[in-house]
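Accompanying notes for the structure given below.
Heavy-atom basis, side chains included; hydrogens, waters and symmetry copies ignored. Numbers restart at 1 for each chain; the letters A, B, ... are given by sequence-line order, proteins then strands.
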Amino acid sequence: MAALQPVRGTHDLLPDAARAHRAVEARAFEVASRFGFGEIMTPIFEFTEVFKRTLGDTSDIVTKEMYTFEDRGGESLTLRPEGTAAIVRAFISGGLAQQVPVKAFYRGPMFRYERPQKGRQRQFHQVGIEILGVEGPAADIEVIACGAHILEALGLGGTVTVELNTLGDVESRAAYRETLVAYLQGRKGELSEDSLTRLEKNPLRILDSKDEGDRAVVAEAPILADSLNDASRDFFARVQEGLAALNVPIEISPRLVRGLDYYTHTAFEFTTTKLGAQGTVLAGGRYDGLVKQMGGPPTPGVGWAAGVERLAMLLADPPPAPRPLAVIPAGAEADTLALTVTDRLRRAGYAVDLGYSGNMGKRMKRANKIAARAAVILGPDEIAAGAATVRDLDSGDQEAVPFDALEGALDRFR
RNA sequence: GCGGGUAUAGCUCAGUUGGUUAGAGCGCUUGGUUGUGGUCCAAGAGGUCGUCGGUUCAAAUCCGACUACUCGCCCCA
């Protein structure tokens, strides 16, 4: 067991797991398509600068979690740690500013050098959506509603809570930050070590702290809502009204803040209690300054990303493998016939298994093991009669079906 | 990056105070059944006890380091 292991924090997806994984992606894309999102596929690596500029120099992702390397030309490249930066880069490189609003869906692997835990890997997969170029709250509403639909489609409707907050526009956020820092400076002595670092790097994060001492300090801290200007307050109210009209149940969570620097206004998180410390299953927000910050035309944006592995773990009933037909030759004379019958049925759209060896008993066992719906038995008797014996493997009933009528007669086993 | 726990067959797990050839269930292979699967019965294959080192007459068992997994922190999907 020791010798040949996958790289730490990476995992193989064997057929059952792969099917669950693909099911999550497929459901997500299907629902997003109904909302009008089109898929954008970007490379899994970018110039390191792309992530440094978008995520902010102080974020943990940039300072300690990126897989960064030099290629042979001496360029610094980085395996993408998240999806938004690449989508925004593609938006700028591809001149999509001419076509706003742009509604993008993406999926695929992301890479972060972290200590693995349940629901946290070094290579993991996300699906995500972004709307670029819409200033009003209609986009926030649509994006959150889409996330809720997807989780519903996955059968997770009842198990996930939607937490919502606003960070306000740039002005409000800056004002609050100042008020908060002033307050926290006064009670510095009571803060945890982690929070003292946060005070320098990302003071809003302290609101989110799990440390008991921090929580006591935070409980008496000034509230962000009080620092909102009228425009921000109005924006937030309209987001809430829209979601209420759509019956998306939300919890206002005044201490919800997002880690990455580029967020403004709406912030949200879909969480479950079933995954331990990694309960966030889908999260995002609005990032009005990002496109401009990356060198594109000023363009507002809003979106989210969801963790495919986390969602797959929650799937109540993982998708079953498809049930095939089993073609079973009895005796060597039937081999060629079995081959051609199998081929015909496959061309007609059936999933068909034709074993490679073994007598009839063994082949029946295999048919049973792969959960075949029916066995199509071909032997000397069948060849003589010009009709296959078709056995329903659930009921055990058998009937004779003329060779040339097989395609139509097997429809109920499809 | 920090702190705790765990590591025995493909999987889930037993294994006494250190003692001879390390077990069970499931799964797998074969046979009972050379034209009929599931159930049942029987037999069989499969283990350098995570790796390396130490203590001991003797280590799966005690000690150390490493590796992986896992829980929490940080951070985040």
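- Pairing partner, B/rG31: B/rC41, with both Watson-Crick or wobble hydrogen-bond distances short of 3.5 Å.
- Comparing B/rG5 with B/rG50, their C1' atoms sit 16 Å apart, to the nearest whole Å.
- Look at B/rU67: its Watson-Crick or wobble partner, with both distances under 3.5 angstrom, is B/rA7.
- As judged by a 4.0 angstrom heavy-atom cut-off over every strand, A/L282 is placed among residues touching the sugar-phosphate backbone only.
- The separation between A/E114 atom CD and B/rC76 atom P is 9 Å, rounded to whole Å.
- Among the atoms of the strands shown, base atoms are found under 4.0 Å from some heavy atom of A/I377.
- For A/D397 and A/R391, the salt-bridge test fails: no basic side-chain N is under 4.0 Å from an acidic carboxylate O.
- With B/rG37, B/rA77, B/rG35 as the candidates, the nucleotide lying closest to the side chain of A/R391 is B/rG37.
- When each of A/K118 and A/R122 is assigned the nucleotide of RNA chain B bearing its nearest heavy atom, the one mapping closer to the 5' terminus is A/K118.
- Taking the ring centre of A/Y113 as origin, the terminal cationic atom of A/R122 falls inside the region bounded by 6.0 Å and 45° from the ring axis.
- Rounding to whole angstrom units, CZ of residue A/R112 and C1' of B/rG1 are separated by 17 Å.
- The partner of B/rU48 cannot be assigned: no Watson-Crick or G-U wobble pair with both contacts below 3.5 Å exists in any strand.
- Taking the P atom of each, B/rA59 and B/rG18 are spaced 13 Å apart, rounded to whole Å.
- Across the C1' atoms, B/rG46 and B/rA24 are found 15 Å apart, a figure rounded to whole Å.
- Contact annotation for A/G396: base contact, defined as any heavy-atom pair under 4.0 Å involving a base atom.
- Atom CZ of A/F69 has more than 12 heavy atoms from other residues, nucleotides or ligands within 6.0 Å.
- Separating the CZ atom of A/F111 from the P atom of B/rC76 is a distance of 20 Å, rounded to the nearest angstrom.
- Across the protein-nucleic acid pair, A/I383 atom CD1 and B/rG35 atom P stand 14 Å apart, rounded to whole Å.
- The distance between atom CD of A/Q117 and atom P of B/rG72, rounded to the nearest whole Å, is 6 Å.
- Taking atom C1' on both nucleotides, B/rG31 is separated from B/rA45 by 14 Å, rounded to a whole Å.
- Proximity note for A/Y113 (side chain, C-beta onward) versus B/rC74, B/rG38, B/rG1: the nearest is B/rG1.
- Remark: A/R323 CZ is packed, more than 12 non-hydrogen atoms of other residues, nucleotides or ligands lying under 6.0 Å away.
- As a whole-Å value, the separation of A/R115 CZ from B/rG72 P is 13 Å.
- When heavy atoms are screened at a 4.0 angstrom cut-off, A/A367 is found touching no nucleic acid atom at all.
- Not a single donor-acceptor contact under 3.5 angstrom links the side-chain atoms of A/R363 to the base of B/rG37.
- A ring-centre distance under 6.0 Å is found for A/H149 and A/F35.
- If you check B/rU20 for Watson-Crick or wobble pairing at under 3.5 angstrom, you find it has no partner at all.
- A donor N or O paired with an acceptor N or O is found under 3.5 Å between the base of B/rG37 and the side-chain atoms of A/N368.
- RNA chain B is contacted by both A/R8 and A/A306; A/R8 maps to the nucleotide lying nearer its 5′ end (nearest heavy atom per residue).
- Whole-Å rounding puts the A/R373 CZ to B/rG38 P distance at 20 Å.
- Taking side-chain N and O atoms only, A/K369 has a distance below 4.0 Å to OP1 or OP2 of B/rU29.
- Residue contacts shown for A/G279 are absent, as no nucleic acid heavy atom lies under 4.0 Å away.
- With hydrogens and angles ignored, no donor-acceptor pair under 3.5 angstrom links the side chain of A/R205 to the base of B/rC75.
- Summarising the base pairing, B/rG72 is matched to B/rC2 through a Watson-Crick or G-U wobble pair whose two defining distances lie under 3.5 Å.
- The neighbour count for A/E135 CD, taken as heavy atoms of other residues, nucleotides or ligands under 6.0 Å away, does not exceed 12.
- Within 4.0 Å (heavy atoms only), A/G331 reaches no atom of the nucleic acid at all.
- Nucleotides B/rG72 and B/rC28, compared at atom P, are 35 Å apart to the nearest Å.
- Using atom P as the reference point in both B/rC26 and B/rC69, the two lie 31 Å apart (nearest Å).
- Of the charged side-chain nitrogens involved, at least one lies within less than 4.0 Å of a carboxylate oxygen, so that A/D343 and A/R347 count as a salt-bridged pair.
- Dashed line: the shortest gap from a side-chain N or O of A/K362 to OP1 or OP2 of B/rU30 is under 4.0 Å.
- For B/rU61, there is no paired nucleotide, since no Watson-Crick or G-U wobble pair has both relevant distances below 3.5 Å.
- For B/rC76, neither phosphate oxygen OP1 nor OP2 lies less than 4.0 angstrom from any side-chain nitrogen or oxygen of A/R310.
- Atom P of B/rU61 sits at a distance of 13 Å from the matching atom of B/rC52, rounded to the whole Å.
- Going from atom CG of A/L314 over to atom P of B/rA77 covers 16 Å, rounded to whole Å.
- Ion pairing between a basic and an acidic side chain is recognised when a charged N comes within 4.0 Å of a carboxylate O; A/K52 and A/E49 show no such pairing.
- The base of B/rG35 lies outside donor-acceptor range of the side chain of A/Q398, with no N or O pair under 3.5 Å.
- B/rG64 and B/rG44 have their C1' atoms separated by 41 Å, given to the nearest Å.
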